[in-house]
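Taking it in order: structure first as structure tokens, then the write-up.
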Amino acid sequence: MNKKERHPDHSEDYENYLRTIPERVFSDALEKMYFGIIVWDTDGRVLYANPAVKKYYEKAPGWLSAYDEHIEARADKLPFPENIQASMVIPPEPEMNPNVRLRIITPVFADRERTQIAFVIEQFQENLPYLDVDGSTVNGGFDKTHDTQSIVGRSLAFLRPLIELKKIAVSNMPILLLGESGVGKTHIAEYIHNCSPRKEQSFFSVNCGAIPENLLEAELFGYVSGAFTDASKTGKKGIFETARHGTVFLDEIGDMPLPLQVKILHVIENKSFVPVGGREAMDADVRIITATNKNLKELIRKNQFRSDLYWRISTFYQTIPPLRERKEDIIPLAHFYLNQLNEKYTTDKVFDFSTLYTLLDYHWPGNVRELKHVIERMYILSRNSIISFPEFEMSQNAVGDDEETGMEYDLPFIVDSIKGYLVKNSYAEHKTSSKVAKDLNISQSKAYRLIQRYCRR
Ligand SMILES: Nc1ncnc2c1ncn2[C@@H]1O[C@H](COP(=O)(O)OP(=O)(O)OP(=O)(O)O)[C@@H](O)[C@H]1O
């Protein structure tokens, strides 16, 4: 923005605040924005169009030339400047991509009296595909609550598979979810269950890789009285029995031991199973959803996964893309988690701009799980209501190697990092242990110890 001019609608304070934001933030925000924006001058000429605009023009072979023609053809049709005094919503023109729902024209005035228009902004409102599926008009993204569950996403790369999954949710067909750890496979499996006719029944999630083989078998299929030493006298119901009419989600199916793979195949093919130590088959009226971050075809080649089971579970499969391939979801997810924390602790913390840029630039190897944990850590680490870049850096230090795996973070380590951060900052500012003690509201001896520990190593 121009640093000298004062916008007629802005207070001085707000103007000063805007000056603190680097100009690059504005231009990059427009350039990287998912939705298209065109800025016109008052003669109907284009001053600026962001790259997203190109997807709105159907006829565009090379979008710029088609776009130029388009502008020429309609420049005099636009009622600049007299008739635009307020924002106008107008329907898209026939040559536009059918995904365009509305065009919103907003004048920006050069004077307080609103007699002189400086320029006009045209925004495109898209018909996002999920709107077709839901028949509803959720504005700008997917944020649906199913009781306790919210699915947040805005990118087409995320919404497309979700829409397909929602369509298939009504059937009983097995579904295989593929994707890296932390992309949201379990979350989506629950979403499928919540969209299915089984939603009033239970949803069970089992991590096939985390439980030893014999325990997993008993957990899934149950056992009859006296099935093995230490078995309960009354036997035990397994998940396939308890989840009757519901959904069973088998996470990390690639880690399922081969003998159990046979039993799962039997459940899918015959809708029945035999508990451990039992003779009689029991009905298995469950919907099975599976997930893995492994390459199952590779496992088949290595004889670690049965191909007949693979074909059964993968009749319908969807890959959930990693977060780095759907950057449009990063900011909505970050705000979603920050809002949750603000509500929980009745605070109103916000991100500053540089933090949002850092979040967008980061490659998120641990995907949404990592993002969620980073936001939690940044929230804890921020000392005032603005969450800024140092908190991101610290949250990264606090997690260490876990970032690579997207594993849960280590709470004592984070507490220690927070202490270290506070002490280092305070000592850098105040230089003496007595002042640090006052600043952090601790005794001087404690301040001295902490300075020795965190600042002198
Ligand atoms: N679209 C989303 N909206 C809101 N929260 C999400 C979304 N996707 C994932 N999450 C959250 O991110 C975390 C990780 O997701 P989830 O456990 O479903 O990943 P996963 O792919 O099953 O991981 P793994 O392969 O390690 O089991 C969870 O806390 C989940 O609630």
Side-chain angles (χ1 to χ4, degrees), residues 168-169 171-178 181 185-194 196-294 296-297 299-300 302-317:
I168 211 82
S171 78
N172 236 353
M173 204 185 267
I175 295 178
L176 171 63
L177 299 174
L178 301 169
S181 181
K185 298 185 295 296
T186 310
H187 201 65
I188 291 171
E190 206 174 339
Y191 170 75
I192 298 169
H193 170 76
N194 286 331
S196 80
R198 296 173 178 266
K199 66 177 177 217
E200 302 304 333
Q201 310 300 325
S202 319
F203 172 85
F204 279 89
S205 169
V206 187
N207 187 328
C208 306
I211 313 175
E213 181 175 337
N214 52 348
L215 285 185
L216 181 60
E217 186 174 16
E219 197 64 26
L220 288 173
F221 304 102
Y223 55 81
V224 297
S225 146
F228 47 85
T229 345
D230 296 340
S232 141
K233 285 211 177 77
T234 51
K236 183 181 174 263
K237 278 187 187 176
I239 285 174
F240 281 115
E241 189 178 350
T242 319
R244 181 164 294 162
H245 309 311
T247 304
V248 175
F249 173 57
L250 301 173
D251 199 4
E252 316 290 0
I253 185 83
D255 294 335
M256 176 160 282
L258 279 164
L260 291 191
Q261 291 180 24
V262 185
K263 286 192 97 165
I264 299 292
L265 183 64
H266 192 85
V267 171
I268 297 175
E269 286 186 335
N270 304 317
K271 310 246 166 299
S272 69
F273 64 95
V274 180
V276 178
R279 285 161 190 261
E280 280 181 33
M282 302 187 75
D283 277 355
D285 174 10
V286 292
R287 173 22 140 13
I288 294 188
I289 304 177
T290 52
T292 184
N293 52 26
K294 296 203 166 142
L296 290 181
K297 288 195 173 154
L299 294 182
I300 293 172
K302 291 182 183 160
N303 290 328
Q304 289 168 2
F305 203 81
R306 293 181 64 104
S307 61
D308 45 5
L309 178 60
Y310 173 76
W311 293 115
R312 277 293 179 180
I313 59 173
S314 65
T315 329
F316 188 85
Y317 69 90

Between the NZ atom in Lys294 and the CD atom in Gln304, the distance rounded to the nearest 0.5 Å is 8.0 Å

Interatomic distance, CD1@Ile211 vs CE@Met256, rounded to 0.5 Å, equals 9.0 Å

query = With a 4.5 Å heavy-atom cut-off, do Ser272 and Met282 have their side chains touching?
reply = no

All heavy atoms of Ala284 vs all of Val267, minimum pair found to be CB-CG1, 3.8 Å

Note: Met173 and Phe316 closest approach over all heavy atoms is SD-CB, 3.7 Å

All heavy atoms of Thr247 vs all of Arg198, minimum pair found to be OG1-CD, 4.1 Å

One should read off an interatomic distance between Trp311 CH2 and Leu265 CG, to the nearest 0.5 angstrom, of 14.0 Å

> Aromatic rings His193 and Phe203: how do their planes relate, parallel, tilted or perpendicular, breaks at 30° and 60°?
Replying inline: tilted

query = Does the side chain of Leu309 come within less than 4.5 Å of Ile268's, by heavy atoms?
reply = yes

So, the side chain of Asn207 versus the backbone of Gly209: is there a donor-acceptor pair under 3.5 Å, distance only?
yes

field: Lys271 vs Asp285, side-chain contact (heavy atoms from CB on, under 4.5 Å): CA-CA, chis, key distance, verdict
entry: CA-CA 6 Å; Lys271 310 246 166 299; Asp285 174 10; over 6 Å; no

Taken to the nearest 0.5 Å, the spacing of Ile313 CD1 from Arg306 CZ works out to 12.0 Å

* Look only at the side chain of Glu241 and the backbone of Phe221, and say whether a donor-acceptor pair between them is shorter than 3.5 Å. => no

Heavy-atom count check: over 12 atoms from other residues, nucleotides or ligands less than 6.0 Å from Lys263 NZ? yes

So OG of Ser314 and CD1 of Ile175: to nearest 0.5 Å the spacing works out to 12.0 Å

Minimal heavy-atom distance between Val224 and Pro275, with the atoms involved, is CG1-CB, 4.3 Å

Any side-chain heavy-atom pair from Leu220 and Leu250 closer than 4.5 angstrom?
yes

Side chain of Glu217, backbone of Gly222: donor and acceptor closer than 3.5 Å? no

Heavy atoms of Gly254 and Leu299 approach each other most closely as O-CD1, 3.6 Å

Rounding to 0.5 Å, atoms OG (Ser196) and CD (Gln201) come to a distance of 9.5 Å

Could you go through Arg287 and Ile192, starting from their C-alpha distance and side-chain angles, then the distance that decides it, and tell me whether this counts as side-chain contact (heavy atoms from CB on, under 4.5 Å)? CA-CA 10 Å; Arg287 173 22 140 13; Ile192 298 169; 4.2 Å; yes

Self-check item: Output field: ring centroids Phe204/Phe249 closer than 6.0 Å
Solution: no

In Ile289, Ile288, Thr290, the residue satisfying side-chain contact (heavy atoms from CB on, under 4.5 Å) with Ile253 is Thr290

Correct closest heavy-atom pair for Cys208 and Glu252 would be CB-O, 3.6 Å

Salt bridge between Lys236 and Glu219, side-chain N to carboxylate O under 4.0 Å? yes

* To do: Would you kindly check if the NZ (Lys) or CZ (Arg) of Lys297 is within the cone defined by 45 degrees around the ring axis of Tyr310 and under 6.0 Å from the six-membered ring centre?
  => no

Requested in this report: Output, in order, the C-alpha distance, side-chain angles, deciding distance and verdict of side-chain contact (heavy atoms from CB on, under 4.5 Å) for Val206 and Leu216.
Outcome: CA-CA 9 Å; Val206 187; Leu216 181 60; 3.7 Å; yes

